Amino acid sequence: MGEANDNSSLGKENVAPPKIKLESFESLSNYGWALLYTPFRLLDRVAARSNDETELVDVKKRSQHEMKRTLSWWDLIWFGMGSVIGSGIFVLTGLEVRNTVGPAVVLSYVVSGISAMLSVFCYTEFAVEIPVAGGSFAYLRVELGEFVAFIASGNIILEYVIGGAAVSRSWTSYFATLCNQPSDKFVIIVNSFAKDYNKLDPIAVFVLAIICTFAVFSTKGSSRLNYIASIIHVIVLMFIIIVGLTKAKAENYSDFTPFGARGIFQSAAVLFFAYVGFDAVSTMAEETKNPGKDIPIGLIGSMTLTTFIYCMMGVTICLMQKYSNVDENAAFSVAFEAVGMKWAKYIVAFGALKGMTSVLLVGAVGQARYLTHIARTHLLPSWLARVNEKTKTPINATLVMFVATAIVAFFTSLDVLANLLSISTLFLFSLVAIALLVRRYCVRGVTSRFDVMKFVGFLFLILGSSVGCSIYWSQTNGWLGYTILAPIWFVGTLGIWFFVPLAKKPKIWGVPLVPFLPSASIGINIFLLGTLDKASFKRFGYWTGFLVVYYLLVGVHASYDIAKVEKERKKLEDKTQSKIDEENGVPLVIESNTKDENHTKEDF
């Protein structure tokens, strides 16, 4: 545990670093020359990897002020519960039960819950070892390089925006139910606008504005509000499960899998969005008092409780109503009204509002920190990285995320948003699992070239078999292919375990059963990707294309300039240190040897 405290103390000096000038953007002429050298800079930066110390110290300093370490494992558990319970169970359950999976939604939640838990383990090790606001962006930047980190993180930011918009629109639906009105009562329809974008939701924007205000002024205050709201919310969920089961009808389970096995996995991929929140919780590691203790308890504990509650809620809704009668917008409120408990729908609606409020709050806090850390690397404008001196929160990043989410929430209907969820999250979680394997088995200066080649070969088998299973699932209803592909996955995983020596052990907390657990995470996440619809992949492709263009025109040049500045700074520090050593009477023989070594390096 002592090492956790060491990690926590890194970079405590609260001295604002000098403003960094990016040479490529100082003038139009400079930018023109930078574009000409894009291929060479791309070769230099595309696979450039950071390291733990850089993320913990140097990158953090670019925010000018430190974030306050105020969160404990108790805060993280409730942040974890608050971040996920509400987004899926109230927003998407009705939609999926009615159109995709039926009563077998409980199995969908089990599948997506297993996938999420595997990812939680991977995230936890990284968050303990690298407790910074960047979350997965920082982890991927250290292990897989800057380009992969930027593309993955750019996609997850868009998914955060879409997810926040979906939850805020569902908030309006449940609020209407609470007011004894139809779920679409407060939506303004403008016939002159395009279909699916003509149902304007001003209440969603108002709710997001209130949430943004809390997120801006205090992380600890947001935490207190969150766990009070989450406690009330859990009480309401227990009420829904217990009272709802008293109205259970076994005949509603007579057709358990009306859409077959395909519906179960397709729904699991969409409902995976319900577990997205824990990624936002990992971004709060920088504000955690003792990362080595608090993060494992907070993340794993909250995910275990959440999965159990989701499964019970899925069983309850399908026993109360026939799946074809479940309301798409406000499933649980309408279900209680349908079984003659009209009074209970107000309690359900109130609990749903509390849950979704917590989801939006944790999302606003986590997303802003994610954006902040990316901006610290100058891949995004540096003003997004600023931490306010008084509130100790990233105000600029919080406001930008609010504006983006509010615009999408105001115009876009829930069913369109639902189709765009999950793909970036599944893609990102697969990369984090790969990054964990790289961290354990491919350490610079330790792992031999031959061992790296073996690792890459076995990883290729894992990825190839996982992609194969995903494609096979999407193209055929047969099962024969899995008898070939699954053993290939197992051979790849066993090969890493048996033939590639472990190069690094975690200092504080580590994922158990490596490489099997991360490999399983890769397999199930990629498999679930294959169950998503074409619209999701189109959106993913368009947005990824935009991110690549942005990286080529802006990101790679900013990164190149920063790397150049850092090299010059380190050279200056080395010279300064040499002078200090000389003044302190370091023996001339040692100095001479050092000079000889330097000359030798320069000659080669």
Side-chain angles (χ1 to χ4, degrees), residues 16 19 59-60 62-68 70 79 82-83 87 132-135 137 150 153-169 171-172 200-223 225-226 276-277 279-281 283-284 286-287 356-412 417 543 546-547 550 554 558:
K19 189 174 180 180
V59 175
K60 278 173 64 176
R62 296 172 192 164
S63 285
Q64 299 181 5
H65 301 285
E66 287 273 339
M67 295 184 190
K68 262 187 179 178
T70 58
F79 262 129
S83 67
S87 57
V132 293
F137 172 75
F150 178 73
S153 301
N155 269 287
I156 203 68
I157 284 174
L158 179 63
E159 194 139 305
Y160 278 148
V161 170
I162 293 170
V167 175
S168 60
R169 284 192 74 100
W171 198 101
T172 303
L200 310 186
D201 194 339
I203 291 180
V205 176
F206 177 74
V207 170
L208 288 169
I210 298 298
I211 293 298
C212 175
T213 304
F214 273 99
V216 159
F217 284 106
S218 172
T219 303
K220 187 64 179 178
S222 299
S223 173
L225 174 65
N226 171 69
V276 170
D279 181 45
V281 176
T283 67
M284 299 173 200
E286 191 172 316
E287 296 160 274
M356 286 183 278
T357 301
S358 296
V359 168
L360 292 172
L361 180 61
V362 177
V365 172
Q367 293 156 23
R369 280 138 188 82
Y370 207 84
L371 201 65
T372 296
H373 198 78
I374 299 174
R376 285 170 172 173
T377 66
H378 290 268
L379 290 172
L380 292 175
S382 58
W383 59 270
L384 286 171
R386 290 175 195 158
V387 173
N388 186 269
E389 186 176 2
K390 292 182 179 178
T391 65
K392 303 296 183 186
T393 58
I395 291 180
N396 294 345
T398 305
L399 291 174
V400 166
M401 291 300 292
F402 157 67
V403 171
T405 306
I407 290 171
V408 175
F410 186 60
F411 291 101
T412 315
L417 294 171
W543 181 245
F546 169 78
L547 292 172
Y550 174 88
V554 179

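When reading the values below, keep in mind they use all heavy atoms of this one structure, side chains included, and skip hydrogens, waters and symmetry mates. Along the sequence shown, residues are numbered consecutively beginning with 1. This one's a predicted model, so the numbers in the text were calculated from it and none came from an experiment.
Note that the CZ atom of F137 and the CG atom of L371 stand 10.5 Å from one another [nearest 0.5 Å]. Atom CZ of F410 sits about 11.5 Å away from atom OG of S168, to the nearest 0.5 Å. Rounded to the nearest 0.5 Å, atoms CG (L361) and CG (L208) are 11.5 Å apart.
A pairwise comparison of heavy atoms in D201 and A409 identifies CB-O, 3.9 Å as the closest pair. When all heavy atoms are compared, the tightest approach of L360 to I211 is O-CG2, 3.5 Å. Minimum interatomic distance between T405 and A165 (heavy atoms only, all atoms of both residues): CG2-N, 3.5 Å. Nearest heavy-atom pair, A375 versus L384, reported as atom, atom and distance to 0.1 Å: CB-CB, 3.6 Å.
Side-chain atoms of V161 and M401, non-hydrogen and from C-beta on, do get closer than 4.5 Å to each other. V400 is listed as a side-chain neighbour of W383, based on a closest heavy-atom distance under 4.5 Å. Using a 4.5 Å cut-off on side-chain heavy atoms (C-beta onward), F546 and L158 make no contact. Residues T398 and F214 have side chains not in contact (no heavy-atom distance under 4.5 Å, counting atoms from C-beta outward).
Under the 3.5 Å distance criterion, the side-chain polar atoms of R169 are matched with a main-chain donor or acceptor of T412. Between the side chain of S382 and the main chain of H378, no donor-acceptor pair closer than 3.5 Å is present. Between the Y550 side chain and the L379 main chain, a donor and an acceptor come within less than 3.5 Å of each other.
Not counting sequence neighbours, F206 has no partner by the ring pair (Phe, Tyr, Trp, His ring centres under 6.0 Å) test.
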(request) Determine, stepwise, if the pair T377 / F150 fulfils side-chain contact (heavy atoms from CB on, under 4.5 Å). (result) CA-CA 10 Å; T377 66; F150 178 73; over 6 Å; no
(message) Quick one, I157 with I374, criterion side-chain contact (heavy atoms from CB on, under 4.5 Å). Give me CA distance, side-chain angles, the key distance, then yes/no.
(response) CA-CA 11 Å; I157 284 174; I374 299 174; 3.7 Å; yes
